[in-house]
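Right, one structure below, let's go through it.
Keep in mind the model is a prediction, meaning the values are calculated, not measured.
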Amino acid sequence: MAPWKALPEHLDPQAGRLVDRLRRLKDATGLSFTALATRTSYSRSSWERYLNGRKLPPADAVTELAVLAGADPDRMLALHTLAAQTWTGPQPKDAATPGTSGAGPEPTEPEPEPEPEAVPEAAAAPAPAPAEPDAPAAVPPVLRGEPDGPAEPARARPARRALLAAGGALVVVAAVLAVVVTLVLPGRGAAGAGEEEHRRTATEEFAFKPDRTYDCDVHRFEGRLYAGHSDTQDALLQQISTTWEVVEAQCLLEHRGYRIGGIDGAYGPATERAVKRLQDKEGLVVDGIMGPHTWEALRR
């Protein structure tokens, strides 16, 4: 395997340690950059920039490479967090430079898009708007031998205004009916608020951040526990999962006394150990994987 290029001089030691560790993981997989791109969510050129120290890799890329190499993703994410805090110095332009990386010459970056050519002033000026049908010319109708002029378009304009007004009225009526139905029908409004209590779940897309933790709103509805992040009953969770369902499970585990150290949405070793303790106590298969039976026991 070809030797790696020297890392850029501006890299901080923490950043250099992360890139060096990622290079070792790639070597351990035995994959070329092309093969690595097909096995992950990132392109060949992206991996070459990350592993040559020209750009800080995203946390998801670090996790995917760690999984491929059989390494601990949490340890790699810790290195990534330190590198992100100290990644300094100017970022080099992504222009092609001669040299050899771990899988061949660096790819040539796409040329910048050419600026649009200047448009002549006459061509750039907007075309004049066409005349309204009811006023085709400045010559009075009497001079053209038309005694009354184009009467049909003049009658059409009030009709259009009437149609638009009717459409606006229908929209207002529909909105009022929707409010009435929401407040009056059984199971809605104040009377039905309790039925939706357990649906106080997260609506934004989950994005894992190592330094972020979440609050838990643990409450019981119809005999089941919920924590306000997901109402799932059967989501399959295991190590390296990072979802709102993981946050929900961590909240309920902490509530039941199975300590995991922090609600961060990452299904790491601590969360897996807590799940195994719950499974052992409930007489379930102790495999550390959240499934329908474990959810049933956790929400009781």
* Go through the steps for Trp87 and Gln14 under the test side chain to side chain contact (heavy atoms under 4.5 Å, CB included), then give the verdict. => CA-CA 8 Å; Trp87 194 284; Gln14 296 288 2; over 6 Å; no
Rounded to the nearest 0.5 Å, how far does [atom2] of [Y] lie from [atom1] of [X]?
{"X": "Ile260", "Y": "Leu253", "atom1": "CD1", "atom2": "CG", "result": "6.0 Å"}
{"X": "Leu22", "Y": "Arg24", "atom1": "CG", "atom2": "CZ", "result": "11.0 Å"}
{"X": "Arg273", "Y": "Arg259", "atom1": "CZ", "atom2": "CZ", "result": "15.0 Å"}
{"X": "Ile263", "Y": "Asp215", "atom1": "CD1", "atom2": "CG", "result": "9.5 Å"}
{"X": "Glu64", "Y": "Leu25", "atom1": "CD", "atom2": "CG", "result": "13.0 Å"}
{"X": "Thr243", "Y": "Phe208", "atom1": "OG1", "atom2": "CZ", "result": "12.0 Å"}

What pair of heavy atoms forms the shortest contact from [X] to [Y], and how long is it?
{"X": "Leu298", "Y": "Leu278", "value": "CD1-CD2, 3.7 Å"}
{"X": "Ala59", "Y": "His80", "value": "N-NE2, 3.6 Å"}
{"X": "Glu254", "Y": "Gly261", "value": "OE2-N, 3.3 Å"}
{"X": "Tyr214", "Y": "Ala207", "value": "OH-O, 4.0 Å"}
{"X": "Thr63", "Y": "Pro73", "value": "CG2-CB, 4.2 Å"}
{"X": "Tyr267", "Y": "Gly288", "value": "OH-O, 2.6 Å"}

Taking the side chain from [X] and the backbone from [Y], do they hold a donor-acceptor pair closer than 3.5 Å?
{"X": "Trp295", "Y": "Ala235", "value": "yes"}
{"X": "Arg220", "Y": "Tyr226", "value": "no"}
{"X": "His219", "Y": "Asp217", "value": "yes"}
{"X": "Ser46", "Y": "Tyr42", "value": "no"}
{"X": "Glu272", "Y": "Asp287", "value": "no"}
{"X": "Arg277", "Y": "Tyr258", "value": "no"}
{"X": "Asp280", "Y": "Lys276", "value": "no"}

* Check whether more than 12 heavy atoms from other residues, nucleotides or ligands sit under 6.0 Å from atom CD of Glu9, and answer yes or no. =>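 Count not over threshold, so no.
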* Asked: Is atom CZ of Arg212 surrounded by more than 12 heavy atoms (other residues, nucleotides or ligands) closer than 6.0 Å?
  -> yes
* Take Lys26 and Phe33, measure what side chain to side chain contact (heavy atoms under 4.5 Å, CB included) needs, and give me the verdict at the end. => CA-CA 9 Å; Lys26 178 195 174 293; Phe33 279 106; 3.9 Å; yes
Is the closest side-chain heavy-atom distance between [X] and [Y] below 4.5 Å?
{"X": "Gln238", "Y": "Met290", "result": "no"}
{"X": "Cys216", "Y": "His255", "result": "no"}
{"X": "Leu36", "Y": "Leu65", "result": "yes"}
{"X": "Glu282", "Y": "Glu296", "result": "no"}
{"X": "Asp74", "Y": "Ile240", "result": "no"}

* Give the C-alpha distance, both sets of side-chain angles, the deciding distance and a yes or no for side chain to side chain donor-acceptor pair (under 3.5 Å) between Trp4 and Asp20. => CA-CA 10 Å; Trp4 289 99; Asp20 180 67; over 6 Å; no
* Asked: Where does the angle between the aromatic ring planes of Trp244 and Phe206 fall among parallel (under 30°), tilted (30 to 60°) and perpendicular (over 60°)?
  ->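 It falls in the perpendicular class, over 60°.
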* Stepwise, does the side chain to side chain donor-acceptor pair (under 3.5 Å) test hold for Gln250 with Asp264? -> CA-CA 8 Å; Gln250 289 176 331; Asp264 58 2; 3.3 Å; yes
* Verdict with supporting geometry, Leu68 and Thr40, side chain to side chain contact (heavy atoms under 4.5 Å, CB included) -> CA-CA 9 Å; Leu68 281 176; Thr40 65; 3.6 Å; yes
* Return yes if a side-chain donor-acceptor contact under 3.5 Å exists between Ser45 and Ser43, otherwise no. => yes
* Do Val275 and Val286 pass the side chain to side chain contact (heavy atoms under 4.5 Å, CB included) test, and can you show the C-alpha distance, the side-chain angles, and the key distance before you say yes or no? -> CA-CA 8 Å; Val275 170; Val286 182; over 6 Å; no
* In plain terms, say whether Glu248 and Arg299 are close enough for a salt bridge, that is, a side-chain N and a carboxylate O under 4.0 Å apart. => yes
* Residue from Asn52, Leu79, Leu7 passing side chain to side chain contact (heavy atoms under 4.5 Å, CB included) with Val19 -> Leu7
